[in-house]
2 protein chains.
Amino acid sequence: MNKAKWIWYFGEYEIFHSLQLHSRRTEFGADYPPPWYLPNVYPIIDFCKNVTVDGLTEFSVHLNGIGYVMLDGIRYPSDKVIKCGPGSHTVSVKVMNYRGLPAAFVKGNLIYSDESWTASFAPGTGKSACCKPAYFSENDSVEKFPFSYEKLYPVSVCKTGKGYLYDFGQETFALLNINDAAEGDTVCYGESREEAQATDNPDFRENALVCRTVGKSGKTQLPQTAFRFVHIITKRSSPYDISADCEYIPLSDTGDFSCEKDIADKIFSLSARTFHLNSREFYLDGIKRDRWVWSGDAYQSFMINRYLYSDDEIIKRTILALLGKPPYFQHINTITDYSFFLIISVFDYWSYSGDDEFVRNIFDRLSALYSFCLERTDENGFIVGKNQDWIFIDWADLDKTGPVCAEQILFWKASECMNTLSDKLGIPFKTRTDSAALKNKIDRYYFNKEKGGYIDSFVSGKNKISRQQNIFALLYGFADDDDNKKRSIIDNVILSADVPKITTPYFQFYQLIAMCENGLIKQACELIESYWGGMLRLGATSVWEQFDENDVGTDNYRMYGNAFGKSLCHAWGSGPILVFGKYIAGVRADGNGSRTFTVKPELGVYRTFKATVPVYGGKVTVSKSKDSLTVLTDVSGGTLILKEEKIPIEPGKEYIFSPDQY
Amino acid sequence: MNKAKWIWYFGEYEIFHSLQLHSRRTEFGADYPPPWYLPNVYPIIDFCKNVTVDGLTEFSVHLNGIGYVMLDGIRYPSDKVIKCGPGSHTVSVKVMNYRGLPAAFVKGNLIYSDESWTASFAPGTGKSACCKPAYFSENDSVEKFPFSYEKLYPVSVCKTGKGYLYDFGQETFALLNINDAAEGDTVCYGESREEAQATDNPDFRENALVCRTVGKSGKTQLPQTAFRFVHIITKRSSPYDISADCEYIPLSDTGDFSCEKDIADKIFSLSARTFHLNSREFYLDGIKRDRWVWSGDAYQSFMINRYLYSDDEIIKRTILALLGKPPYFQHINTITDYSFFLIISVFDYWSYSGDDEFVRNIFDRLSALYSFCLERTDENGFIVGKNQDWIFIDWADLDKTGPVCAEQILFWKASECMNTLSDKLGIPFKTRTDSAALKNKIDRYYFNKEKGGYIDSFVSGKNKISRQQNIFALLYGFADDDDNKKRSIIDNVILSADVPKITTPYFQFYQLIAMCENGLIKQACELIESYWGGMLRLGATSVWEQFDENDVGTDNYRMYGNAFGKSLCHAWGSGPILVFGKYIAGVRADGNGSRTFTVKPELGVYRTFKATVPVYGGKVTVSKSKDSLTVLTDVSGGTLILKEEKIPIEPGKEYIFSPDQY
């Protein structure tokens with residue numbers, strides 16, 4: 001009886017939980033749904049299976065919604081035992097739910113629900129039923145994400161002018177339990193001590209982002225919130241007895257890194273903590289704010305994922321949530337670049353995992369999104385912003401007149417991804433773009449030989465050079481080696497003091513990768529040690545959304561015009577995990593769905609280090625001591641590259657090299 | 001303060017209430033959602049208005065869902081008073097609801113919600129906010145349709161072997177109230193006495209369609225059900241004290257008809273009763289079964305509507321519920337003909353009302369539906385069934401090999417409707433069909449000169465002649481006068497005893513109209529008197545889904561393989577209302593959005609009659625006594641046609657004619 005799982009239609013679980021997640025943000029006492037379109041679930045789903053049973057059997061059907069069962073053409077109600085004789089049978093289940101997620105649970109010894117059933121919402125839409133994450137009991141609610149919980153207690157409490165301030169010691173995301181709560185008391189949360197105490201105007205602007213009023217006395221549990229500090233405003237004469245239930249997904253880390261520099265270890269741990277806190281139903285940007293799913297942020301998280309715990313499920317869930325379903329009325333998160341990042345993310349997911357089936361299941365959605373993008377091209381075939389499209393790229397002073405170079409490079413990369421997926425999987429793709437022709441055109445319009453880099457815009461005549469498009473050109477191999485564009489960009493843009501610096505950790509991550517890919521690994525690690533190290537020195541227990549070493553005191557918490565607007569736990573700050581694993585240990589998947597990998601350690605940055613990096617189906621450990629280099633993996637398909645030599649590495653065998661060999 | 005109304009996005013109210021309505025059908029103890037795709041609501045809606053106020057004012061926003069208010073760029077929570085100084089302001093409201101209908105209520109003296117707000121679900125989708133039906137209080141629920149209720153009591157009660165049988169005297173649709181209910185008692189409903197008593201197997205097959213178990217003792221109210229008889233199975237020694245709350249929309253009848261034949265009056269009343277019982281959120285097919293919204297049935301109801309109470313709102317609601325929104329995955333109700341009927345229904349609505357705005361609001365949906373239909377054409381450009389499409393036409397033995405003639409005539413009519421709407425309203429229509437060319441092709445392939453009519457199919461080679469496509473050819477003026485096709489069809493098909501009879505009241509209605517349009521009004525009225533009169537003689541209190549004068553006893557209730565499967569209150573049986581108004585009183589709208597009308601009474605069928613017929617904005621009364629004809633209207637735009645003479649009729653003036661004048 002325990003083989004049955006709740007089943008639903010492909011992608012609908014993610015669409016439903018995305019709706020749920022995006023309805024949970026609150027700020028300054030107001031609910032704060034996102035400013036973009038989200039699709040709703042299909043309200044009626046049919047599940048079907050042909051089964052052959054040997055003897056008399058019975059089963060019952062439980063629904064998240066209303067509906068009925070058909071056994072060999074006869075209709076039965078749900079929640080009742082249905083008997084079925086030996087032979088071949090067609091069992092189908094119809095479920096309707098327009099206030100939740102339509103799902104079914106068929107319980108029986110021989111007839112039970114799992115991925116072998118077919119689900120459809122209209123003729124011709126049949127796909128294998130989905131059941132991940134798995135719900136095994138008819139009493140489970142598929143509308144509740146299966147989080148794990150860990151009990152936390154404050155490490156200290158002190159009296160304030162208004163009540164009590166509790167410190168949980170480090171950033172967390174948890175439900176708060178208060179015993180003997182007094183009705184009307186106010187709970188103000190803070191990622192910083194100061195935020196929790198900024199309670200002058202408890203229900204509006206310029207105060208702690210999240211305050212909640214205790215609704216009734218007695219035992220109270222307040223909803224999931226990001227905090228380290230909790231400030232309870234109360235007239236009580238002694239502190240409350242409080243605890244927190246930290247809500248998380250138990251993803252176990254394969255990735256690890258340590259080296260002779262203590263700061264690097266701490267940065268790795270800080271990044272991993274931050275990353276776990278943002279790894280939920282889907283990847284969040286930050287747990288305090290926005291607590292939404294953003295495609296650009298998620299794209300970076302997908303990359304980091306592969307170097308920490310390498311979990312396919314959270315990637316697929318996030319892709320499905322972001323992709324939603326046609327028709328597309330606007331770009332993903334309203335941002336042109338974010339539509340392209342989503343397409344690139346799918347390609348990257350496939351390239352690493354070789355998961356053809358997932359791509360087949362979403363290719364129609366993906367090509368609908370791509371077609372939507374094509375509606376946004378101008379007379380030259382360049383992507384432009386139309387009808388409130390947000391040409392974001394980065395928080396930076398870019399020349400966004402007319403078509404912008406950075407968008408065209410992403411467009412090119414996305415077209416390459418679509419074409420490759422279509423070719424490799426043999427899926428027809430009607431709106432294919434000639435990406436080679438597009439590349440030529442972008443080079444012709446945007447590459448400025450005099451300045452040695454790509455300009456932001458050719459329309460304005462300003463010929464402004466910014467880092468952003470040049471970083472993309474390096475990141476995606478858009479700038480070629482052969483005509484020396486790559487070298488030119490490194491010298492004239494990346495290493496130039498005249499080109500304005502990157503100020504966001506978001507783009508810093510792209511720059512770090514572009515640097516590492518082009519021989520600047522040492523500089524990248526130095527940047528990590530100073531920038532991330534700077535936050536650690538200020539007592540950060542997770543990586544901040546942004547950091548400026550010149551900021552003093554509470555200025556560190558100010559952002560978006562708000563005294564405590566900054567998120568102190570932002571996923572995009574977890575990039576060092578990837579840098580250490582990909583560029584120090586030098587482990588990378590060969591891609592194109594091959595599931596093979598290459599190890600090319602960087603031995604000139606840290607004297608000693610030990611790095612473990614996930615690879616498809618296993619892991620690789622690369623250890624460098626003062627006098628040896630050791631490589632060990634538990635899966636086949638790896639190649640070690642040492643001094644240009646390619647050494648196949650077998651699982652379970654320790655490869656030890658002496659300094660003269662590397 | 002009382003000017004505020006709840007607002008929502010165009011069409012979403014209807015989509016939500018359609019979901020709600022279609023989730024309510026139960027049969028034999030099982031929920032029974034429909035076998036077709038229904039779209040869900042957009043979960044996030046933005047409302048916006050620019051207002052200028054003279055002095056200080058305040059307002060509050062109430063949401064069906066969660067969200068926030070933006071006043072001049074500053075975010076405020078809902079349910080709180082917001083103050084606003086003099087000057088120009090932009091007020092916007094965002095509401096998210098994925099478990100219900102997103103809607104907003106803005107309450108204030110100067111700032112309040114109504115149709116002057118703009119609503120959108122994505123950029124470029126802005127439309128006037130909708131607020132019909134009107135909900136005037138923040139405590140109203142837009143998820144509850146504003147029905148009226150009337151208390152009903154049983155007219156008799158008798159003891160049965162199992163409990164008590166109550167008779168409410170006539171068919172109704174009501175909630176049932178039971179005082180002192182005993183937990184576990186079962187209530188079996190019946191449109192007939194026999195159905196209510198068919199309780200051998202109270203929760204499955206071949207018994208009363210609807211049985212409900214009383215959940216708890218005390219005062220119980222059971223949900224809306226169609227019934228005349230209620231059988232309570234109980235061990236109680238005395239009858240329960242029961243009553244019913246009949247649920248209805250108070251639509252007041254303008255249309256009326258009486259004549260020298262008592263049976264005709266009774267048929268009109270019976271039809272009107274039946275029609276009212278099926279006039280709800282949307283037009284139902286029948287109140288017991290299916291209690292769903294079917295496009296073909298609704299199409300007939302739209303026609304009847306104009307001759308009874310002429311209500312635009314129920315037509316628009318039903319169109320919006322049926323039309324849903326793109327993408328279209330299947331035909332309306334899965335039936336090819338029903339997609340075309342919906343397009344024709346929109347044209348008819350516009351033609352009668354001249355309501356350009358409504359058509360503008362739905363034209364993108366309508367043309368998406370039309371495009372979907374075009375995907376179903378074969379190499380000749382004929383409509384065929386693909387991917388589980390249901391080629392219904394009628395419950396009849398039609399030759400459905402390859403493309404079917406009846407579908408092509410509907411296709412042609414729908415293409416004419418689309419082209420005319422596009423031309424008249426100046427809306428671009430990309431997928432226009434050359435309807436004249438299509439007509440020629442249909443004539444060439446399907447008209448059989450030998451047999452004098454259109455054949456079902458040309459593929460099979462059977463050259464079978466059925467009434468159905470020939471009725472459509474007459475109904476839509478597809479068969480021309482000039483080449484004598486029309487006359488030929490009347491003689492060789494309609495009046496031929498060799499062509500199988502129509503057996504459904506559904507198609508009987510089309511045939512009645514086709515007959516009346518071609519000079520066979522007397523025959524049509526005779527048919528009405530015998531067919532509908534037959535049901536009356538058997539004690540019908542509403543018109544049945546089907547009637548065969550040869551059936552005896554409970555055979556009258558059998559249908560679809562079920563002893564009591566037949567609906568005894570089916571909207572499509574209300575056709576006599578139209579026949580009397582349109583062909584006896586002779587009142588018809590001139591159409592094409594003109595709002596003018598023509599009165600051409602038929603004076604040869606009934607010696608005396610009095611008919612009142614709604615026309616746009618008013619009504620016309622046509623009375624014929626033994627020695628005079630009187631015509632009176634209360635609106636302008638009418639023309640009386642008497643002996644080929646056209647007489648403009650002014651409102652308020654009685655036109656009296658003596659027999660020599662008509």
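Each chain gets a letter, A, B and so on, in the order its sequence line appears, and its residues count up from 1.
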Structural part of A:Ser23 lying under 4.5 Å from a heavy atom of chain B: both
Part of A:Pro39 lying under 4.5 Å from any heavy atom of chain B: backbone
B:Asn40 side-chain N/O to A:Val41 backbone N/O, donor-acceptor pair under 3.5 Å: yes
Cation over ring face, B:Arg75 and A:Tyr32, 6.0 Å, 45°: yes
Largest heavy-atom contact set with chain A, pairs under 4.5 Å, which of [options]:
options	value
B:Phe329, B:Tyr98, B:Tyr37	B:Tyr98
B:Ile66, B:Val69, B:Asp79	B:Ile66
B:Pro123, B:Pro34, B:Gly124	B:Pro123
B:Ser78, B:Pro33, B:Pro326, B:Ala30	B:Pro33
B:Ala122, B:Pro35, B:Pro43, B:Gly100	B:Pro43

A:Leu38 vs B:Met96, side chain to side chain contact (heavy atoms under 4.5 Å, CB included): CA-CA, chis, key distance, verdict: CA-CA 10 Å; A:Leu38 286 173; B:Met96 177 171 192; 4.1 Å; yes
Among A:Pro327, A:Gly65, A:Gly67, residue most engaged with chain B (heavy-atom pairs, under 4.5 Å): A:Gly67
Stepwise side chain to side chain contact (heavy atoms under 4.5 Å, CB included) check, B:Arg99 with A:Leu19: CA-CA 10 Å; B:Arg99 293 189 187 271; A:Leu19 285 165; over 6 Å; no
Region of B:Ile44 that comes under 4.5 Å of a non-hydrogen atom in chain A: side chain
Side-chain heavy atoms of B:Phe28 within contact of A:Tyr68, under 4.5 Å: no
